[in-house]
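What follows is a short report on a single structure.
In what follows, chains carry the letters A, B, and so on, assigned in the order in which the sequence lines appear, proteins first and then strands, with residues in each chain numbered from 1.
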There are 2 protein chains.
Amino acid sequence: MKRTQIRKSPKRPATMAEVAARAGVSAMTVSRALKSDGAVSEETRRRILATVEELGYVLDLSAGALSSKRTGFVAVLIPSINNSNFSDTARGITEAIESQGLQMLLGYTDYDMDKEEQLVQAMLTRRPDGIIVTDGRHTPKARRMLQSAGIPVVETWDLPADPIDHVVGFSNAEASRALVHRLYHQGYRNIAFIGGASRRDTRGADRRLGYKRAVEELGLPPGRTISFGNPPISMEQGGEAIVHLIEQWPDVDAAVCVSDLSAFGAIMECHRRGWAVPGRIAVAGFGDFEVSRCCWPRITTVAVDCRNIGLEAGRVLLGALDDVREKRTPGPETLIVPFQVIEREST
Amino acid sequence: MKRTQIRKSPKRPATMAEVAARAGVSAMTVSRALKSDGAVSEETRRRILATVEELGYVLDLSAGALSSKRTGFVAVLIPSINNSNFSDTARGITEAIESQGLQMLLGYTDYDMDKEEQLVQAMLTRRPDGIIVTDGRHTPKARRMLQSAGIPVVETWDLPADPIDHVVGFSNAEASRALVHRLYHQGYRNIAFIGGASRRDTRGADRRLGYKRAVEELGLPPGRTISFGNPPISMEQGGEAIVHLIEQWPDVDAAVCVSDLSAFGAIMECHRRGWAVPGRIAVAGFGDFEVSRCCWPRITTVAVDCRNIGLEAGRVLLGALDDVREKRTPGPETLIVPFQVIEREST
DNA sequence: CGAGTTTATGGTATCGATATCAATCACCGC
DNA sequence: GCGGTGATTGATATCGATACCATAAACTCG
């Protein structure tokens, strides 16, 4: 037996059916009126929109997602939200996809592959239309889930040897190598590396790898690396590290840091101790953070256009979604974005 | 006429019904087995989880949300994702809610009320279980939508005169006022304010207001304020501003900046020009960013525990959600978080 | 002017889960 | 051995939109 419930309470939000009834049309017509593409006469649309306004109706996309099989979500995993490089990428992604009515579902992995795996699972639970990750390495299970999710995947900030699907990135190792070569060109011969030993920060590990390759190629004294705890590496840790570095190898004349933040911390510590930068030791960073452009001495670094990585990743994803819709099946796309060594006063 | 579709394609993800059929139980039992609380015998659960694994089944929450009328989303609006104060708050919120299986839906307002209004609308479309905003002022329409959404609302980073629902924040004006008083106590008498004139950054405007009140109370020369463009304010802009400031009022002995970032930029510019900080001019900031603790001179600032604001906002929201579930109806909660003036070498 | 096409709209099935209530079964105490 | 209690499971209706197809009206053109 079905009983009609009569409620006066305006608590329960209005449904599309109610709007339809009130406007004297079918629910389907209301649905069309609320999409931009829907073919509805101008007059009807006006009437419907007025009713929507009157009832304070808000479309329920979670219901729409179920029937249309498109959620309009793009899952995005970044290592940390506090790192402005990654948040710039997230912003770029947002800019690229919001014009298509897509919305970002953001998660932080804390530089941890296991956390990434959990997040991939949690995100897939929301049935995103696509997913963008900030890494080229994953746990086997995460990889499997990404592959079999049946949605476009974009790996960014890396150039994986064996991509899952699409890629928008650059080689952290190559970038770091280029930076060391530049320092060599400037005349430095005892070059050390600070950071990047953590198993967690794979991009940092790649940068260290590039450093190692470079010192080998150039015949410089190898093995001068200092590491510290888990990412995210702080400015303070950069300061501590450079002190250890100079204690351990007093002849070093340049330090490449895994990121500008640690480079900045290192330089400030040098100031406090009266070590001239670059007189006593040159310091370079990675990432071209705002602080590096603004501090004194300004920091030599590797610049990548982080926002652009996001824009391109979003663009590639949109393209892939279009391909699915149009039943085209082009192969995965790999886009290599440029990096640039910027020489400043710290070296 | 209905035709049975036989597909070999594993493209289409498995459904709960398929898992159920394969495990020889009903869909309802699968659903229970996948929730932690569900009452299912150990033996059945094991069998179901094995089948889930075998088929690579991933729960579809977007379908679950429709029937349970709970999406598990918490919408969070922050002014900018690149500002580590706000991203720390977002991180705190995530920490607080993820234990309850809730997920954050993040949006950036770009310090723009109109954008906030659009975002509120877009977010409500996803039917979040609650919403957290980083402001106490909103467009009339945004306010109306928040009020009538029928979900708990938490306003943070502010103490609105007329709260919508719950509040977790502090008075930016009071904090700024306290900072000026501290400078006065240190002996500064010609104190200026940099930033915060934008109609967009209401927190910045409040800080400027607190400054004005303080100089009035203390009988100091008023009106020494410099503003610059729209937020987010950059380090570079802080540098430009302090130059204008000193040109315009050569007798200023201290500058309060709307944020640590502009304070840092100002200090660096002073370095470049050979103006001693604090000898020629003292500089204070707001927000206790990492750079202020690490640079030299370290920057006097107002510290707020940003992550804690997020944790508390999350906690308040969870409480409110519990209240709804248990049909309790306590009044809105207002939690005032402390701030602290930290005196360092820049003043 | 009639066949063919386009435009606007509605009816119905369906997306994939969960709420709710009912049914079954084992076990317990007296 | 019987009613009662709690644990486990299932059947069915439903959440609120959109896809898909059908239909009616208006319009096009040789």
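The side chain of B:Ser67 sits closest to C:dA17 out of C:dA8, C:dG11, C:dA17. Side chain of B:Leu66, nearest nucleotide from D:dG16, C:dT20, C:dG11: D:dG16. Side-chain proximity of A:Met28 to D:dT9, C:dT20, D:dA19: nearest is D:dA19.
Contact annotation for B:Leu59: backbone-only contact, meaning every heavy-atom pair under 4.0 Å involves sugar-phosphate atoms and none involves a base. Heavy atoms of A:Ser62 sit nowhere under 4.0 angstrom from any nucleic acid atom.
A sub-4.0 Å separation between OP1 or OP2 of D:dA17 and a side-chain N or O of A:Lys35 is absent.
The base of D:dG10 sits within donor-acceptor range of the side chain of B:Arg32, with an N or O pair under 3.5 Å.
By the 4.0 Å N-to-carboxylate-O rule, B:Arg137 lies too far from B:Asp162 to be salt-bridged with it. A salt bridge does not link A:Arg91 with A:Asp88: every distance from a Lys NZ or Arg NE/NH1/NH2 to an Asp or Glu carboxylate oxygen is 4.0 Å or more.
As a whole-Å value, the separation of A:Glu43 CD from C:dA8 P is 12 Å. Put simply, CE on B:Met16 is 8 Å from C1' on C:dT18, counting in whole angstrom units.
Mapping A:Arg70 and B:Ser41 onto DNA chain D by nearest heavy atom places B:Ser41 at the nucleotide closer to the 5' end.
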